[in-house]
Chemist: 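Here it is, the structure in full.
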Protein chains: 2
Amino acid sequence: MTSDRILATYLLETPFPLETAAEAMAGEQSSGTFVAVPGETDDLRLRHRATVEQMIKLEPVSEPSLPGSKPPTGSTGYNRARIIISFPFDNVGTNLPTLLSTVAGNLYELREVSGLKLIDLDFPPQFADAHPGPQFGIHGTRELIGVHEGPLIGTIVKPSVGLTPEQTADLVRELGEADIDFIKDDELMADPPHSPLERRVEEVMRVINELADRTGKKLMYAFNITDDIDNMLRHHETIRNTGGTCVMVSLNSVGMAGVAYLRKHCELPIHGHRNGWGMLTRHPWLGISFRAYQKLWRLIGIDHIHVNALQNKFWEPDESVVDSVNACLEPLLGGYQVMPVLSSGQWGGQAPETWRQTGTTDLMYLAGGGIVAHPGGPAAGVRAIRQAWDAAVTETNLYDYAATHPELQQSIEAFGKRDG
Amino acid sequence: MTSDRILATYLLETPFPLETAAEAMAGEQSSGTFVAVPGETDDLRLRHRATVEQMIKLEPVSEPSLPGSKPPTGSTGYNRARIIISFPFDNVGTNLPTLLSTVAGNLYELREVSGLKLIDLDFPPQFADAHPGPQFGIHGTRELIGVHEGPLIGTIVKPSVGLTPEQTADLVRELGEADIDFIKDDELMADPPHSPLERRVEEVMRVINELADRTGKKLMYAFNITDDIDNMLRHHETIRNTGGTCVMVSLNSVGMAGVAYLRKHCELPIHGHRNGWGMLTRHPWLGISFRAYQKLWRLIGIDHIHVNALQNKFWEPDESVVDSVNACLEPLLGGYQVMPVLSSGQWGGQAPETWRQTGTTDLMYLAGGGIVAHPGGPAAGVRAIRQAWDAAVTETNLYDYAATHPELQQSIEAFGKRDG
């Protein structure tokens, strides 16, 4: 493996011999096609052919994970391996959308594969020169909020849709007075007729600026600017001009080129929401793993990325969430710091396990219903979550701690039985 | 169903009663979350709640399609249905990325579902006013090439990567002299160090312009400008200024906002490549179907879209490809004409079946290896494909026709045994 190659690691399942399928992948995604072509000279192949660098065989299975593979005569099952394919830098350059088309393009359609998941990517150093990465990351985000340690505690405006700008601002006031660090729009709430973003920014920032003048702390509000390019840039400008400190985008819906363009013109942290991600990853033998996915978005330069959360309201097991948090906190090409955002069905009860399994507080911990629906009101919801995290990091039993912390006690009573 | 609602049709699989799972989907993607929140008033629900409009039950199954669903106590299998959920226009407006986050966002992650596929979308008329759609479509593309009937015959430059600009231009000359209608870059070939796009445009367009001056016909070359926004716009300008007539983008890699921005500034047809699509659709109970997907891209305004092809080199069955062709040719909101592009392992032998099953020649028929690797050379490859289509539309037996058409005969001998 020379240092100027791009490495892609896959889980591969195939009714063919593993070597045959891996070579089909390497060929299809570099100089080959379904027949030999005259221009594919030995010299061209030497310079441009993708190479199977490593193959770790796994247990075969008797049934295919995906339909449409065409087992060769005599095949009796489906072979599995973890493989690494390397692509010459010269095939792609540092063009990220084309990189994606190379490592995660047509190869999901190959009849040679009955299961395929891109699980990791490694880039040569040219990518670091070409892609500036996050402007703010964990450190810059903490600076803007003025919270230098502990998890950043936040919420999502709920109901997700339907509140007017004034109602949203009222909720922000209540949460801000309870010393919340971060609030975000729901991913469903961007610039709809019933809550135009410009109006919402105006109402919400008036409240946030007033609170900041009074308390010296400016909470960070991630306005969801997901939209076409011109609207995103216009809304970014409005937010910046009114003193806002964060923009949010739905990464998969906007896409790589759009988010990269925003990054280029953006003066605020970009809060990356990964909705639609389940489509890309929920099947264990199809799509892409978070470890690979988050590297692309870090190169593009988002500052925060959603990773689901432990004991969440979704399908994902804790082990996978913990791996995602770890992936975000590992340096990429020596840097590219991104803040993991834990969100989904959180209410504080998950704090001890989150601390135990990740060992970090360099994260955002967001509770929507867990704050907004707290029986004592949203301000009590915020306090309950801080109490839960205090218990977690001091490794005090949550229920013991709740005995002297009534807001946490109320949370346990309201939300603690959901999964029981 | 009122006319100002957005309709999304899904295949749903769930260990819960179907009504429970459908309501969870409608709630999660509109005003609800995992607990009731105070602000979700009856009035707000009435205005903003998504609604389950229709449910057609299908046969249940005993095993889940996807991991991570949490069967309720006493559940004994996995229910399936085709359902329609409607979303109020006022929740989203005409913001397409946010529409995607609404109809295909977090809901793939719900533990209530063990399978979910978005299979269709219907938009209220406001979307037609907001999104201009394709500039050229089928008619405009034919006008630019000067071919007013029959399929547009084309090829993909092969080898996909590795040719120099000069070598690419040499191949274009040979193909152009054989009267080809259309040539495209491979999706792997954008602006790499070994074939910078500006140089490739210069070399290729010199050849195409010379041929056009001589023959009166200008073949359309789709240069792959997939990249960040600034590079795409710059390359578009170079192509237009040298007399080029088409740009190509990898839709999933660039993303919706990037392609929409290109459309806004573009004066040429946009050739939409769907690589990565297998990840979104290959599992029958996960992701999105082509029928829904192509509607989004037509609103955004691409002119051509890849649909795979019959008897292709990939996994997809013919029935699915035919449905995709039909979907492209059905009017959307009264128009939004897009040209289906058939490509993957084609060599002409598939023409009769393509004609029989689609009944149209309003399509591009692309053969990469099938032309470039023809035993008589690329020019013979082009002639062979025209002969195959002549046989197809006159409903003459391909083998009989080949008896008097030697290039077709050579194709049959070279490529016809692949699947035998």
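To find a chain, count down the sequence lines: A is the first, B the second, and so on, and within it residues start at 1.
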Chemist: Specify which of B:I229, B:L296, B:D90 makes the most heavy-atom pairs with chain A at under 4.5 Å.
Modeler: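 The residue among B:I229, B:L296, B:D90 with the greatest pair count is B:D90.
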Chemist: Sort out for me which residue in B:N231, B:D191, B:D227 forms a side-chain contact (heavy atoms from CB on, under 4.5 Å) with B:L197.
Modeler: B:D191
Chemist: I'd like to verify something: which residue of B:T281, B:D228, B:L188, B:L100 has the highest number of heavy-atom pairs under 4.5 Å with chain A?
Modeler: B:L188
Chemist: Could you tell me which of A:S253, A:G278, A:G377 has the largest number of non-hydrogen atom pairs under 4.5 Å with chain B?
Modeler: A:S253
Chemist: Give the minimum heavy-atom separation between B:Y108 and B:V113, together with the two atoms involved.
Modeler: O-CG2, 4.4 Å
Chemist: Which one wins on heavy-atom pair count under 4.5 Å against chain A: B:H48, B:H283, B:K117?
Modeler: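 Option with the greatest count: B:H48.
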Chemist: So that I can tick it off, tell me whether A:K158 and B:E40 are bridged by a salt bridge, with the cut-off set at under 4.0 angstrom between side-chain N and carboxylate O.
Modeler: no
Chemist: Holding to side-chain hydrogen bond (donor to acceptor under 3.5 Å, both in side chains), I want the full list of residues that pass it with B:Q29, two or more places apart in sequence or in another chain.
Modeler: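 Per chain and number, B:Q29 pairs via side-chain hydrogen bond (donor to acceptor under 3.5 Å, both in side chains) with no residue.
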Chemist: So do the side chains of B:W285 and B:P64 get within less than 4.5 Å of each other, counting heavy atoms only?
Modeler: no
Chemist: Of all of B:S69, B:A373, B:S65, B:P97, which one pairs up most often with chain A through heavy atoms under 4.5 Å apart?
Modeler: B:P97
Chemist: Does the side chain of B:T226 reach to within under 4.5 Å of the side chain of B:E187, using non-hydrogen atoms?
Modeler: no
Chemist: Just checking, any donor-acceptor pair under 3.5 angstrom between side chains of A:N275 and B:N106?
Modeler: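 Their side chains do not contain a donor-acceptor pair, so the 3.5 Å distance test is not met.
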Chemist: Where does A:L110 contact chain B at under 4.5 Å (heavy atoms): side chain, backbone, both or neither?
Modeler: both
Chemist: When rounded to the nearest 0.5 angstrom, what is the spacing between CH2 in A:W315 and OG in A:S344?
Modeler: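 Nearest 0.5 Å value for the CH2-OG distance: 12.0 Å.
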Chemist: Below 4.5 Å from any heavy atom of chain A, which atoms of B:W277 appear? Answer side chain, backbone, both or neither.
Modeler: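 Contact with chain A: backbone and side chain both.
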Chemist: In terms of relative ring orientation, are A:F415 and A:H374 parallel, tilted or perpendicular, with 30° and 60° separating the classes?
Modeler: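 Geometry flag for A:H374 against A:F415: perpendicular rings.
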Chemist: Which bit of A:N308 comes within less than 4.5 Å of chain B, counting heavy atoms only: side chain, backbone, both or neither?
Modeler: side chain
Chemist: Side chain, backbone, both or neither: which part of B:V259 has an atom under 4.5 Å from a heavy atom of chain A?
Modeler: neither
Chemist: Taking A:E28 first and then B:K313, would you say they form a salt bridge - that is, a charged N and a carboxylate O separated by under 4.0 Å?
Modeler: yes
Chemist: Quick check on B:L286 against chain A: is it the side chain, the backbone, both or neither that has a heavy atom closer than 4.5 Å?
Modeler: side chain
Chemist: Report the residues that fulfil side-chain hydrogen bond (donor to acceptor under 3.5 Å, both in side chains) with A:H235, sequence neighbours left out, ordered by chain and then residue number.
Modeler: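 Counting only residues at least two positions away or on another chain, A:H235 forms no side-chain hydrogen bond (donor to acceptor under 3.5 Å, both in side chains).
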Chemist: Quick check on the interface: out of B:P88, B:G105, B:S101, B:G287, who has the most heavy-atom pairs with chain A under 4.5 Å?
Modeler: B:S101
Chemist: Would you mind checking which part of B:T94 comes under 4.5 Å of any heavy atom in chain A, side chain (CB onward), backbone (N, CA, C, O), both or neither?
Modeler: neither
Chemist: Sort out for me which of A:N91, A:N95, A:L280 touches chain B most, counting heavy-atom pairs under 4.5 Å.
Modeler: A:N95
Chemist: At a heavy-atom separation under 4.5 Å, does B:I288 approach chain A through its side chain, its backbone, both, or neither?
Modeler: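 Looking at B:I288, backbone and side chain both touch chain A.
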Chemist: Would you mind checking which part of B:L96 comes under 4.5 Å of any heavy atom in chain A, side chain (CB onward), backbone (N, CA, C, O), both or neither?
Modeler: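 No part of B:L96 comes within 4.5 Å of chain A.
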Chemist: Checking A:P67 against chain B: side chain, backbone, both or neither under 4.5 Å from a heavy atom?
Modeler: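 Both backbone and side chain of A:P67 come within 4.5 Å of chain B.
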Chemist: Based on non-hydrogen pairs under 4.5 Å, which of A:G162, A:A104, A:S250 is most in contact with chain B?
Modeler: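 Looking at each of A:G162, A:A104, A:S250 in turn, A:G162 comes out on top.
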Chemist: Measure distances from B:S114 to the heavy atoms of chain A and classify the residue's part below 4.5 Å as side chain, backbone, both or neither.
Modeler: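 For B:S114, the backbone is the part near chain A, not the side chain.
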Chemist: In terms of heavy-atom proximity below 4.5 Å to chain A, should B:R282 be classed as side chain, backbone, both, or neither?
Modeler: both
Chemist: Is it the side chain or the backbone of B:V92 that comes within 4.5 Å of chain A heavy atoms, both, or neither?
Modeler: backbone
Chemist: Taking every heavy-atom pair that is under 4.5 Å apart, which of B:G93, B:A260, B:G276 has the most such pairs with chain A?
Modeler: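 Looking at each of B:G93, B:A260, B:G276 in turn, B:G276 comes out on top.
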Chemist: I'd like to know which of A:P159, A:G255, A:G258 tops the heavy-atom pair count under 4.5 Å against chain B.
Modeler: A:P159
Chemist: Between A:K264 and B:D230, is there a side-chain N and carboxylate O pair less than 4.0 Å apart?
Modeler: yes
Chemist: Taking the side chain as C-beta and beyond, is there a heavy-atom pair between A:V249 and A:I225 under 4.5 Å?
Modeler: yes
